[in-house]
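Accompanying notes for the structure given below.
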Amino acid sequence: MKYILETRNLSVRYGEIAALNELTMYVEQGEAVALVGANGAGKTTLIKSIIGLLALSQGELLFDGADVRAVTAHLRARLGIGYSPEGRRVFPGLSVRENLEVASFSNAAETRRLIDQMYTIFPALKEKERSLGWTLSGGQQQMLAVCRALMSKPRLLLLDEPSLGLSPKLTDEVLWRIPEIAKAGTAVVLAEQNLTKALEVTDRAYVLRVGTLVLQGASSELRSNPSVRKTFLGGL
Amino acid sequence: MIQLLFNTLSLAAAYSLLAIGFVLVLNATGAVNLAHGSFVVVGGFLAAGLGSWLKLPGAVVLPIVLAGMMIIGGLLSLIAYYPLRNRPAVSVFISTLSMSAILETATLLIFGPSPRVGPPILSSGAIQVGDVALNVQSLSTVLLAVVLVAAQYVIFSRTVLGKRLRAVAEDREMARALGMNVNAMIVITFGIAAALAGAAGLMFANTFYITPGDGEAYMIKTYVAATMGGWGSLRGAIVGALFVAAFEVLVPSLPLAMPSLVGALPSLEALFSPIASTIWLYLAFLVVLFFRPQGLFGEAVQQRA
Amino acid sequence: MSRSAHVRPLLGAVGLCLLASWPLIMSSPYDLRLFTLAGVFAILAIGYQFIFGNVGELSLSQGAFFGLSAYVSGILAVKAGADFPQSFAASIIVCVLLAVLVSIPVLRLSTHYFALATLGVGQVLLLVAIEWQSLTGGAIGLSGVPLPKLFGVQVARGWPLLLFVWCFVALAAMVAFQVKRGLYGLACHVVRQNAVAARSLAIDPDSIRFAMFLLSAAMAGVAGALHAHTIRIVSPEGLDFKVMIACLTMAVIGGRTHIWGAIAGALLVVHLPEWLRGFQQSYLIITSSVLIAILIVAPEGLAGLVDRLLPPQRSKSPDSDGLSPIQDRTSDGVLMPSETPILAVRELTKTFGGVHALNNVSFSLMRGSIAAVIGPNGSGKTTLVNCITGNYRADSGAILLGGGEIGALGSDEIAARGVGRTFQNLRLVDDMTVLDNVAVARFRAEAATLGKSFLIGRRDEKLSRARSHALRVLRRVGLEHAADVNCASLAHGTKRLVEIARAICLDPAVLLLDEPAAGLNETEQAELARLLEALAARGLTLLIIEHNMEFLKNLATHMVCLDYGELIASGRPSAIYQDERVIEAYVGRRQAAEATA
Amino acid sequence: MRFARRIMLAATALLSSSALAQETSLTVPIIAPITGLLALEGTSQLNGANMAIAHAPAGLKIKSQVIDSGTAAEGGANALERVAGDKSTYFSVAPLFGTQVLAMLPVALEYKIPILAPTGTGPVTEQGNPYMFRLYPHDAVSKAAHIRYVVEELKLKKAAILYNTTGYGQSGFKYMSEYLTKVGGEVIFSEGVDLSAKEISATLAKLKAAKPDVVLIQMHSASIAMVVKQLAAANIQIPVVGNTTIAMPATASLLQPSELKGVCAESASWLEKGADAATDRFINDYVSKHGAMPDAYAIQQYDGLMMALVAVKGGAKSTEDVRKYMSTTEYKGVAMRYKADAKGNLAHSVVIVCYDGASLNPKLVKRYDNVAGF
């Protein structure tokens, strides 16, 4: 079985601080995988190192079986990694449609088709088509960020904290698209603090704690595993 | 007076091209390009050289100037910006200043120290409208500036390349993570900025001539216009350009608008000399900043908190 | 380290010898002249470092002060026949006065607005110099400025003038050295690197910027006056933007914070074009190319390059033994937990663009208690801390410290009244040692001022006291061993501790900690908890923002929970942990529903 | 055959080396602003100086050293200090930039080295420095002729004066307004324009509103061309009498002949082919080398430097000898006769030239010799 994403003993350091410690994980084609853990566990660091915004200090990173450590971020994106960052980071001065257009590397007709497809996933975006990014609400921005990441027709989608700052209702609206996306053939890595929801929408999960992988398994099992909650929430 | 208003508009049109280019680079890189004034000089000499060699009007020479300036702007970004992109912003300040000395000295060596006259955009002469003679050059300057600003607008709002350039300007890291080649985009942005400045050089070279040492004055005016309008705001850049042009033309001509006042107090005349007007410009700038520390239009991108 | 420890002093000695022997070897009158001029510009650049280097503001008015001073000196000498000490003093005074005048509208501007506004000052002065012909001689300038004459002795051209000017260079370097080495210099450093952190340590960045701006202007005054008396003419060229550019280039090429960098920069920028004059017009191209090459090779200037190749040796931390004990508010140990609130927040509301980051939040802290603020990401916890410390101004509501309203004060003033804090994203100064990062918190307590730093003797007593105080605090948090280490090389957890130590060093009554346990391993967390308990036992009141419930479980005596900016629960930890709304906010509605089902 | 040729070569080599032995070697420093805002005038100066060295009297072995004085006030003084100590340097060419010359004067005095500067700005010869030699007519001289032409020949008395706010412009304005008032004229409008200012339509509109009889100008090349062009464009039919820069070929080439119609200018020197052999040689060589007629700065520099070279050729062996020669001898150059007055002013002739509207070459209309200030 060839994994769409595989890391072997991946470590990332900020200066002398180890942010990720010898992390080994994999993602299969078409599955949704959750990365869960409290603040500072290293979820964002892992996501950023996969897309190429952070350099590995050691270990291997394979995308679709090929070593991509030497590939720069913008080329990794073109290889088929979609990225929706923490804090959404939609382009504030671009309209919704423009935000989508700039992320597509297909021809104009295909881009139009993709955009329409996005609008069917999140109809709210169609209504705001001409609005500038910064005028959207947090939830709309999050939808836009997810769609934008899908515009390059990625085979792997990285979602970093899509629920951050969203109301529970909006969180549901965004997160419940994940199984759909995965089913359509795009593997998803979801970094989430919201443990329950993350486990609800994914197939498997990795639990991180201060840069180290502490638990992994099928999401359904982890949901009922009491040690997950303990690791995650401490004493609650 | 109508004539003067018209001249102001024409001057502001050319300055806007400068200020817009300056702001484009600023937004894309976060760096101040102090060689921007030298782009005017190089563009002006290019236009003057081509114009006298080919004996063609500016509008025909323009595409060559634009292309040449794009290359020069792109090269400049590779030398003066790219190696320093992760360094303190003030390094780019100095490197672009050094580049401006290099560009202007090279111009001096190639073209000599004499002022040169550029070709008129369409033709010289004037059109009589009522009792006002409208200079064809001024008219075509406004026209050309409007065309170029519109072209710039179309590129940035209608083409995918332009939209990506804007995306890079707004969030470089995110643009990179979405598959855009940020470095190439920055080179292109410098190229477009240089091309716009070169076009302004073509306009100035006919009306005001061009000498190798002109860069600094254009640079300072651009800097004032861009800052006054609001750091990073394109709309602000145009308004800033209008402001600077008004202080250059309208303020010194105020005595004509109110002759009685100045007639009564002859000493007032000195307050409207061109030199005094420049002083007023800086004082007005301080006043604007006192009340609006972020310039007239504020920062370009508003963030939702 | 050991290699550079030997090489650096050697290099310094060689540099000094080279500097001294330069005019001896290159002793033609022309070389002496250039060396003299380089000295004048070295003073200008050393002065510029105060505003551009020490506090990191891109001021473009240094050239204007330089030119103005030259004019004052020249006009007084030529038109009024003033002697050198008079014209010299007057030049400096005029520059400082103008700096005061300019700083009122200009100093509050940020970065490029500041840069351009200061540039405008120079442009206006230039135009005035050209236009006011009766006073300034107009564009051609005023000639016949005499060589300096001191106590009836004429300073002749050549060697005497060179030594005269370089005496001032030495003097300027000494002043700069004094300002940089003391506690005041440390504070400047913090202001440059992190003005927000400076405010949290009761340091007012504005007043430091103001002082540095004036000092820069005064030094430009010295340089300008010497320039007028050296080249013996004053003209608008002295006010030209090119002078400012040259000054900026010297500071950037030499290194913006090292005194010797300014001197090296001045020597280089004055000499480089002269060495290349043989190339006629092309010398400008070569000079500029060399400058760009230096920028690329040595981004932090020549001084920075030397630092990179040969890292400076850290001065050893002071031995705290043998120093008199210091009054320590928290160590009195008499302040027991009491029922009077030390900090009270009343109906605090803060909105960002229509979104309530805080909505009507009220609670109070008892002296010596350890309170925790919990809540999911984005619930408004950090906003709450920022409102209390004055980093944000609340839209409505009141904040009372010991009964007094502090909501309208600046954050440095609030810090001075006894509110210490740490930051979620650490705000330490990476290129300073741990000890100095902590010691700078004594700035207010030691009443360090610019004036006093001129008078520092063999060592700065204030800095020594601050350091030994800091050392004691470090000892208390168990970081004594790391005192001499640069913060940049610390592990994340250690940095958190340093920030806490720094806040304690401020000697606050209330300490606000923003996610102190984030990124700490379990042992570190346990140690931190013990430390915080010990601090509370001494009467310090703690407010902790934290996600880590495990960490808080046994630590906090009181807890409040925020969600979407609203206070949804308040009480003892055990009660909070059972609160349904809290669980819901944290774990999500579904799970809460399942849990109750 | 080949052998014979070799002998011939050897013989010529011998001959020339023996000639060399009798030559006087000297270094001629040419200090001029060849970069920056005065690069145009400075380059003319340099061209004139180079031509003088090329035409130097036989028997002089000249090494020239070109140093850019740039734009800084001390640029000239630094350069002079660099060359002054040299034993083979008898004098130095100094910039036309008055401020730089003023800064050079103390250095010249200290080294007792004559400096030759083609500047018109007043104060440089008012400092009582015996080593200062002005190659260009003092502004008091050229502006006296300027005003005399306007008042006596054109019979115009209500003048508007435009000038650049440089040392050159301000000095010209000062003398023009002073003299005009003395002869009963009136300055009804005047304005100083920054050298870098471009848009001057406000100034011209005010000028037009003041309704002067004549426009007098003291500006640098690009500025004066702009004024002339815009006056023509606005169809303002007022006679223009400008300063020498409008007579410079580089300036005229910026304009159409029609725009220049009726424009006159004061100039230090005016050369016409056929006057004498030396003039023809200078003009021909200059035109073939630079593709344009020499302007006043090139001519005055050529004459002045040649005068100093003649002094050395004539036996001057020291800086002091050169100073004596320069201050006492009358010398006939291609442009005029030079004779130093007590202050070191060498040139006292001024010409007035006018454009006829058909060509870019102005015609001589009036020559004023031995002009004194008012």
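- Of the atoms belonging to D:A232, not a single heavy atom falls under 4.5 Å from chain B.
- When the candidates B:T8, B:T278, B:T207, B:T105 are compared by the number of heavy-atom contacts under 4.5 Å with chain D, B:T207 comes out ahead.
- Shortest non-hydrogen contact noted between B:A12 and B:A241 is O-CB, 3.8 Å.
- Taking the six-membered ring where tryptophan is involved, the planes of B:F39 and B:H36 are perpendicular, since the angle between them exceeds 60° and thus also 30°.
- Interface residue D:L37: only side-chain heavy atoms are found under 4.5 Å from chain B.
- Summarising the geometry of D:Y286 relative to D:G48, their closest heavy-atom pair is CE1-N, 4.3 Å, with the distance given to 0.1 Å.
- What you find for B:V117 and D:S253 is that their closest heavy atoms are CG1-O, 4.2 Å.
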Next item on the list: Show the numbers, then the answer: is there a salt bridge (Lys or Arg N to Asp or Glu O under 4.0 Å) between D:K157 and D:E186?
Entry: CA-CA 6 Å; D:K157 289 198 166 178; D:E186 190 191 352; over 6 Å; no
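- Comparing D:A205, D:S223, D:A209 by how many heavy-atom pairs each has under 4.5 Å with chain B, the most go to D:A205.
- With a threshold of 4.5 angstrom between heavy atoms, D:E191 approaches chain B through side-chain atoms but not through N, CA, C or O.
- With chain D as the partner, the residue from B:P252, B:S10, B:G112 showing the most heavy-atom pairs under 4.5 Å is B:P252.
- When each of D:T43, D:D194, D:L254, D:L195 is scored by its heavy-atom pairs under 4.5 Å with chain B, the top score falls to D:L254.
- Highest contact tally toward chain B, considering only D:A234, D:A222, D:A233, is held by D:A222 [criterion: heavy-atom pairs under 4.5 Å].
- Once rounded to the nearest 0.5 Å, the distance linking CD of D:Q230 with CG of D:L204 reads 5.5 Å.
- Nearest heavy atom pair, residue D:F282 against residue D:A298, reads CZ-O, 4.3 Å.
- Both the backbone and the side chain of D:T35 come within less than 4.5 Å of a heavy atom of chain B.
- Against chain D, the residues from residues 211-221 of chain B that qualify, each with a non-hydrogen atom under 4.5 angstrom away, are B:T211, B:G213, B:D214, B:A217, B:Y218, B:K221 in number order.
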Margin query: Please evaluate residues D:E199 and D:S201 with respect to the criterion side chain to side chain donor-acceptor pair (under 3.5 Å), reporting the C-alpha separation (whole Å), side-chain torsions for both, the decisive distance (0.1 Å), and the verdict.
Written below: CA-CA 6 Å; D:E199 176 55 69; D:S201 52; 2.4 Å; yes
Donor-acceptor contacts under 3.5 Å from residues 45-60 of chain B side chains, at least two apart:
unit_1, atom_1, unit_2, atom_2, d
B:S52, OG, B:A48, O, 3.2
B:S52, OG, B:G49, O, 3.2
B:K55, NZ, B:S52, O, 2.7

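- No part of D:I200 comes within reach of chain B, as not one of its non-hydrogen atoms sits under 4.5 angstrom from that chain.
- With a threshold of 4.5 angstrom between heavy atoms, D:E41 does not approach chain B through any atom at all.
- Considering only heavy atoms from C-beta on, D:Y168 comes within 4.5 Å of D:N243 through its side chain.
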Item checked: Derivation and outcome, side-chain contact (heavy atoms from CB on, under 4.5 Å), residues D:I238 and D:D213 -> CA-CA 6 Å; D:I238 306 169; D:D213 297 338; 5.7 Å; no
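- Comparing B:P274, B:S114, B:A245, B:S273 by heavy-atom pairs within less than 4.5 Å of chain D, the highest count is held by B:P274.
- For D:T251, no part lies under 4.5 angstrom from a heavy atom of chain B.
- Counting heavy-atom pairs closer than 4.5 Å to chain B, the top residue among D:G42, D:G192, D:A250, D:A225 is D:A225.
- Looking at D:T203, only its side chain comes within 4.5 Å of chain B, counting heavy atoms on both sides.
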Check: Does the side chain to side chain donor-acceptor pair (under 3.5 Å) test come out yes or no for D:Q237 and D:N235, once each step is laid out?
Finding: CA-CA 6 Å; D:Q237 306 276 11; D:N235 214 12; 3.2 Å; yes
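- The two atoms that bring B:S100 and B:L34 nearest to each other are CB-O, 3.9 Å, heavy atoms only.
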